[in-house]
Protein chains: 2
Amino acid sequence: MDAALDLVAKKAPFSSLSLREVTKRAGVVPTAFYRHFPDMSALGLTLLDESFRTLRQMMREVRQQELPNERMIRGSMETFFTYVRNNRTHFLFVSKELYGGSATMRQAIRREIRLFVSELAMDMARFPFLVRVNAEDLQMMASLVVNSVVALTQEMLELDEDDEAGQHEMLIMAEKQVRLIYFGVAQWRSDVPPRT
Amino acid sequence: MDAALDLVAKKAPFSSLSLREVTKRAGVVPTAFYRHFPDMSALGLTLLDESFRTLRQMMREVRQQELPNERMIRGSMETFFTYVRNNRTHFLFVSKELYGGSATMRQAIRREIRLFVSELAMDMARFPFLVRVNAEDLQMMASLVVNSVVALTQEMLELDEDDEAGQHEMLIMAEKQVRLIYFGVAQWRSDVPPRT
DNA sequence: TCGCAATGTCAACACTTGTACACTTATACT
DNA sequence: AGTATAAGTGTACAAGTGTTGACATTGCGA
């Protein structure tokens with residue numbers, strides 16, 4: 001059932017998608033829909049949950065494989081982006097819902113993203129050269145990293161599915177950008193004058 | 001006419017929006033729509049054009065006011081974000097269309113964004129400490145800056161319209177993030193081993 | 001003041017939409 | 001083997017959809 005619904009986010013955004021189209025795609029009569037979900041928005045939330053449950057698990061694995069400094073960025077980016085490619089439809093769905101979905105959807109996705117940011121901030125707090133950075137700035141750095149990766153992910157989703165060259169380019173770009181950010185992080189002091 | 005259509009992007013994404021809703025909101029009979037646009041997607045493209053024409057002009061002004069290093073970041077961010085607040089509906093529209101719109105819409109928006117990136121890259125090329133950075137990396141840095149600002153803008157649009165505290169927080173965050181990136185930029189050398 | 005172009009109105013059409021209700025079929029469990 | 005539960009079918013309806021063609025009103029330039 002969900003299978004046919006994944007094929008959904010391929011073209012139109014979820015919001016402009018009728019119950020009947022879904023059931024037609026699933027090869028089933030419209031009224032059969034209600035046997036599974038009371039509502040279209042319920043379907044949406046279920047899809048969202050399904051998307052993030054597996055993503056969270058993957059992120060946990062990435063976080064645990066402790067690698068030395070430089071290798072870490074490259075490795076994380078690589079596993080993340082191949083994961084994206086293997087779950088293309090789910091990411092397409094989430095990407096469109098982030099800004100185009102209902103209020104509850106958007107908030108749910110933002111909550112998940114904030115969670116990733118916090119976890120990254122915690123990981124970064126263990127870096128020895130970041131002891132002089134206060135918690136707020138740590139959060140700000142982590143959100144910068146996450147936002148950039150998200151943006152690049154969305155850009156990659158815009159590419160053709162089998163444009164391997166383009167996707168590889170995105171990966172390299174992501175790695176460079178994150179490394180660049182880390183250069184900046186190493187330089188940062190939380191006590192510079194606010195200059196307001 | 002366009003006035004009533006701006007009030008449109010306040011709730012639903014443009015794609016899931018009927019011709020009749022628009023005309024009703026405009027206080028006009030459905031068929032009158034065709035006197036102005038042949039099509040809903042034509043309306044969308046017009047709205048898009050309207051949004052970016054003024055934006056481009058503003059960006060040009062920001063680019064010309066040459067300020068010394070530190071002041072520049074703060075100043076640019078300030079004028080940009082107040083511009084966003086003053087054109088809230090337009091940005092809401094564009095933000096939703098970036099990922100939720102039709103293929104032609106998305107491509108049009110991406111083209112505009114790439115244009116901003118290129119212009120920023122050109123400006124950055126004039127910095128004395130960036131002579132050792134090749135063109136490709138310049139592009140990558142500029143896109144990092146633009147992506148971050150875009151992400152923060154979208155986050156700000158999620159806030160309540162008159163949550164001034166929250167919006168100010170976004171502004172400060174944006175300034176910090178861009179400054180952080182510039183720290184990294186100052187450290188960058190294009191000839192580090194690619195480590196592939 | 002006339003006339004014409006722009007803008008708006010009305011009625012009607014063929015479709016699609018979400019949902020309710022009453023049945024039928026398949027699956028699983030004692 | 002028999003039955004309860006889950007899943008699917010068919011019909012129906014009221015409401016909303018885009019688009020048509022023929023007609024009415026406005027406003028501005030000659």
Side-chain angles (χ1 to χ4, degrees), chain A residues 1-51 53 89-90 92-94 96-97 99-109, chain B residues 1-51 53 89-90 92-94 96-97 99-109:
Chain A
M1 192 70 190
D2 280 30
L5 309 171
D6 274 31
L7 303 179
V8 129
K10 273 190 177 155
K11 280 286 172 188
F14 183 77
S15 36
S16 63
L17 190 67
S18 70
L19 181 153
R20 285 175 117 103
E21 287 182 80
V22 176
T23 56
K24 189 187 296 177
R25 177 60 123 145
V28 126
V29 92
T31 53
F33 179 90
Y34 297 102
R35 301 295 168 183
H36 303 263
F37 310 96
D39 205 292
M40 273 296 277
S41 74
L43 205 213
L45 291 179
T46 303
L47 245 38
L48 221 175
D49 189 57
E50 182 182 297
S51 301
R53 241 204 336 262
T89 51
H90 281 249
L92 273 170
F93 167 74
V94 172
K96 290 180 180 177
E97 290 310 298
Y99 303 110
S102 69
T104 52
M105 283 247 183
R106 296 197 311 258
Q107 285 170 0
I109 300 180
Chain B
M1 192 70 185
D2 280 29
L5 308 171
D6 275 32
L7 302 179
V8 132
K10 275 190 175 157
K11 280 288 172 187
F14 183 78
S15 35
S16 64
L17 190 66
S18 71
L19 182 153
R20 287 175 117 103
E21 287 182 82
V22 176
T23 56
K24 188 187 296 179
R25 175 60 121 150
V28 127
V29 93
T31 53
F33 180 90
Y34 297 101
R35 301 297 170 182
H36 304 262
F37 310 95
D39 205 294
M40 272 296 277
S41 75
L43 205 212
L45 290 180
T46 302
L47 245 39
L48 220 176
D49 189 57
E50 183 183 296
S51 301
R53 241 202 338 261
T89 52
H90 280 248
L92 273 170
F93 168 73
V94 172
K96 290 181 180 177
E97 290 309 297
Y99 304 109
S102 70
T104 53
M105 284 247 185
R106 295 196 312 257
Q107 285 170 0
I109 301 181

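FYI, side chains are in, hydrogens and waters are out, and symmetry mates aren't considered; it's all heavy atoms of this structure. Numbered from 1 within each chain, the chains take letters A, B, ... in sequence-line order.
- Scored by the salt bridge (Lys or Arg N to Asp or Glu O under 4.0 Å) test, A:Asp39 finds no partners at all (sequence neighbours excluded).
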Could you list the donor-acceptor pairs under 3.5 angstrom formed by side chains in residues 99-108 of chain A, with sequence neighbours left out?
unit_1, atom_1, unit_2, atom_2, d
A:Tyr99, OH, B:Gln154, OE1, 2.7
A:Ser102, OG, A:Thr104, OG1, 3.1
A:Ser102, OG, A:Met105, N, 3.4
A:Arg106, NE, B:Glu158, OE2, 2.4
A:Arg106, NH1, A:Gly101, O, 3.2
A:Arg106, NH2, B:Glu158, OE2, 3.3

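- Sequence neighbours left out, the pairs with a member in residues 4-33 of chain B that pass ring pair (Phe, Tyr, Trp, His ring centres under 6.0 Å) are B:Phe14-B:Phe93, B:Phe33-B:Phe37.
- Each salt bridge (charged side-chain N to carboxylate O under 4.0 Å, His left out) pair with one or both residues in residues 22-37 of chain A, not counting sequence neighbours, would appear here, but there are none.
- Between the CZ atom of A:Phe37 and the C1' atom of C:dG18 there is a distance of 17 Å, given to the nearest Å.
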Review point. Could you write nucleotides 4-22 of chain D as a row of B, S and -, 5' to 3', where a protein heavy atom under 4.0 Å of any base atom gives B, of only sugar-phosphate atoms gives S, and otherwise -?
Key: ---BBBBB-----BBBBBB
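- For the side-chain hydrogen bond (donor to acceptor under 3.5 Å, both in side chains) test, no residue two or more places apart in sequence or in another chain qualifies with A:Thr46.
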